[in-house]
Structures are given as structure tokens and as C-alpha cells.
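To start, the structure itself, in C-alpha cells.
Keep in mind the model is a prediction, meaning the values are calculated, not measured. Counting starts at 1 for both ligands and their atoms, following the listed order.
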Amino acid sequence: MDDRGNILYLVVPCYNEEEVLEHAAQVMREKLRRLEREGKISVKSKIMFVNDGSRDDTWKIISALCRKDAAFSGICFSRNYGHQSAILSGMLEAAKHADMVVTVDADLQQDIEALDKFIECYKNGCEIVYGIRNNRDTDGFFKKLTATAFYKLMGLLGCNVMQNHADYRLLSKAALQALMEYKEVNLFLRGLIPTMGFPSDVVYFDVKKREAGHSKYTLKKMLTLAVDGITSMSTRPLRLITVLGFLVSVFSIIMIIVCLVDWLIGRNVQGYTTTLVVSLLMGGLTIFSLGVVGEYVGKIYLETKARPRYIIEAMIWKEDET
Ligand code: UDP
Ligand code: MG
């Protein structure tokens, strides 16, 4: 399948990445040059940075890079919309010019040398190629723990996310066009893309230490991602509430019978503890269930408003000089 177009766009989300950005841009540019020389990608290939509302000099650095070299281009959000929105906008913009798009983090943790394998899979006819990390050695204990808990929970709740795959992936033009058809405001890419079908493959890569700066994924951002992922991919929590309600009802009926029998045979009122435990437990379960239902109602509310997923404040893209 050598007739496939070979314009590659690297989409790089950046949130307060001034420490690492210039170096990362250099490394990525060098990699593209090498791929171009080897004839694996077109010379029209580009690196597209998405500035996700950074408060530092990230956008200044991106603009300067774009001025110097037409192989760089940039999108600037009006505020911080989060990593998922950043890669989504980058992919959708890149789809206008590219034959394949690879999303990769700005911190060079995801081995850029794996690009050759991604492109090879694409040339062999894959429309989606997932990057899967070989190791978690560079992660701290807390990150490992939360990541494992996340994948376990997602699995239990009926949402098929690929283990150890974190948005380092290639999408072809066809896959990107399919992605554009999803009109939901709240797109959880990691869950959604595997449900699109298409011939796909995986590429394994080593995770390295962050080159500079620190992780931008705070605990709050990780929790939001987890809740968004679950509520946008699965309604199993709602089903679980129904099951829970059913079990509690069965238990209540048994308890009512036991109480009536007690009363009939004249056994005396004791059971302050039982009453308290039951009402506390029921209170907790009720509020919790209401909360879960509320999460879904909130999602529906946001979806019906259909507000823009992100606002682009500025964009730099230059036609190649060639
Ligand atoms: N990022 C972003 N918006 C955010 C948080 C992160 O665009 O709100 C970007 C960040 O600049 C980086 C990528 O997402 O390129 C992954 O973030 P990070 O490396 O901090 O996460 P980690 O590797 O620690 O999971
Ligand atoms: Mg990182």
C-alpha cells in the first residue's frame, strides 16, 4: 500500500511547557527531517503545537518557532480546556492538511523514535495505531497506583480502554473524518477511538523521564478525566444502582417479616443500634446514588447546551515555501 498519502502532522498539546518546549521542538523537527530524508513522509509534514491556555511563555515560544520555520504551526486556546480538548482541536485542524496525524506529549516522555513503527503500520493499511507503553518505571508510586485503579475501574464499569495507552497514537485521514462525525461536546478520546473500528495495530514504546518541567496532570485533572471517561462511555453505574436498589429491597422485605414475627410473638423492642445503622447506611446509599444519577444529568445538561468544545484565539499555519 505505498500509494497512501504521506503527509504527517505531529500534534503536540502544551500547557505551561516553556521549560521543555524549545528542546522538544528541536528534537521533533530533527526527527521529521530524518523521516523526510528517508522518504517515509512528505516534506509537507508539520508539527502543530496546541497551546492549552498556558500562563507562561509557551505561546511566545510557539510563535517564534513558527516564524522561523514553516514546518511549525500553532493553535492558541482562549483558556485552559484540558489535554483531551487540546489534542482534539489539533487533530481536527491537522486533518485539513494531513494524511496521518500522530498526537504526542510535549515533554518527550513518549519515545519519538517509535514514529517509524507508527508510519510502517499506517503504510501497511492501518487507519489507527495505538502507542502502548512498555513500562511504568518512570512513574512515581502514586501515579502507578492511580493509573492501575483507573484501568481496573474502567474495566469493571464496562468501558473498554486500552491498558497503558495514553494518547500517543496515529490516526489516518479516514479515521479523523470518522471522528469528526461525533458531535458530542464531551469527547473521551481514549474510550471512543477503539469503538470506531477500522484496521488498527499497536506499537510498543519506552517511557522516558520528563525532560524538564513537572507533570501538568494534577490529581484533580486525573479524577475529572476518570469520571468523564466513565460517564461518557458507559451507563453501567446507573444499572448498578438499580441492582443495589433491588438487593436493598429484598433485604428490607426479609427484615420486615422478621420484625413482624418478633412483634407477633411479643419479643420486646430492642435494637437501637440496628435502627441507627440501617438509617445511616440507607442515607449514605441514597445520597451516593443520587450523586451518580446527578453526574449523568449534568452530562445531559452540558450536551444539550452544545457549547463549543474549545475556543481558538489565534492560529498560525504557513504554506510551505517549496
Ligand atoms: N496538557 C495540556 N493541558 C492540560 C494538562 C496537560 O495540554 O490541562 C499537556 C501537557 O502539556 C503535556 C501533555 O498534556 O504535553 C501530558 O501532560 P503531562 O506530561 O503533564 O502528564 P503526565 O505525563 O504526567 O501524565
Ligand atoms: Mg508527561
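A salt bridge links Asp116 with Lys31: at least one charged nitrogen is closer than 4.0 Å to a carboxylate oxygen. With salt bridges taken as basic N to acidic carboxylate O contacts below 4.0 Å, none links Lys208 and Glu113. The pair Arg133-Asp206 fails the salt-bridge criterion, with no side-chain N (NZ, NE, NH1 or NH2) lying under 4.0 Å from an Asp/Glu carboxylate O. Comment: Lys117 does not engage Glu120 in a salt bridge, judged by the lack of any side-chain N to carboxylate O separation of less than 4.0 angstrom. A salt bridge links Asp167 to Arg190: at least one charged side-chain nitrogen sits closer than 4.0 Å to a carboxylate oxygen.
Applying the 4.0 Å criterion to heavy atoms of Gly82 picks out, from ligand 1, the atoms 3 (N), 8 (O). With ligand atoms numbered from 1 in the order given, ligand 1 contributes 19 (O), 23 (O) to contacts under 4.0 Å with heavy atoms of Gln109. The atoms of ligand 1 that sit less than 4.0 Å from any heavy atom of Ala106 are 15 (O). Less than 4.0 angstrom separates some heavy atom of Asn80 from each of these atoms of ligand 1: 3 (N), 4 (C), 8 (O). Shown in contact with Lys221 at under 4.0 Å from a heavy atom are these atoms of ligand 1, numbered in order with element: 4 (C), 8 (O).
Between the CD atom of Glu295 and the OG atom of Ser232 there is a distance of 11.5 Å, given to the nearest 0.5 Å. Distance SG/Cys76 to CG/Asp52: 9.5 Å, rounded to 0.5 Å.
Looking only at protein heavy atoms, the nearest one to atom 21 (O) of ligand 1 is Tyr217 CD1, 3.5 Å. Among all non-hydrogen protein atoms, the one lying nearest atom 20 (O) of ligand 1 is Lys216 N, 2.4 Å. Nearest protein heavy-atom contact of atom 1 (N) of ligand 1 is Tyr15 CB, 3.7 Å. In terms of protein heavy-atom proximity, atom 19 (O) of ligand 1 is nearest to Asp107 OD2, 2.5 Å. In this structure, the protein non-hydrogen atom closest to atom 24 (O) of ligand 1 is Ser215 OG, 2.5 Å. Nearest non-hydrogen protein atom to atom 25 (O) of ligand 1 is Lys143 NZ, 2.8 Å. His83 CD2, 3.0 Å is the protein heavy atom nearest to atom 14 (O) of ligand 1. Looking only at protein heavy atoms, the nearest one to atom 3 (N) of ligand 1 is Asp52 OD2, 2.6 Å.
Ring geometry, Phe188 versus Phe150: the interplanar angle exceeds 60°, so the pair is classed perpendicular (tilted spans 30 to 60°).
Between Ser73 and Lys46, the side chains place no donor N or O within less than 3.5 Å of an acceptor N or O (distance only, hydrogens not considered).
Within Asp107, the N, O or S atom lying nearest to the Mg ion (ligand 2) carries the name OD2.
For Asn16, no heavy-atom contact with ligand 1 is shorter than 4.0 Å. Residue Cys14 touches ligand 1 through its backbone alone, judged by heavy-atom distances below 4.0 Å. Counting heavy atoms under 4.0 Å from ligand 1, residue Glu17 touches it through the side chain alone.
For ligand 1, the polar-atom distance check finds an N/O of Pro13 within less than 3.5 Å of one of the ligand's N/O atoms. Considering backbone and side-chain N/O of Asp105, none are found under 3.5 Å from N/O of ligand 1.
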>> Tyr130 vs Tyr168, test: ring-ring contact (aromatic ring centres under 6.0 Å, His included). Steps then yes/no.
In response: CA-CA 7 Å; Tyr130 302 94; Tyr168 186 18; over 10 Å; no
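Of all non-hydrogen atoms in Lys44 and Ile7, the two that sit nearest each other are O-CG2, 3.7 Å.
Distances from the Mg ion (ligand 2) show that Gln110 has no N/O/S atom below 2.8 Å.
A cation-pi arrangement is not found for Arg79 relative to Phe77, the charged atom failing to lie both closer than 6.0 Å to the ring centre and inside a 45° cone about the ring normal.
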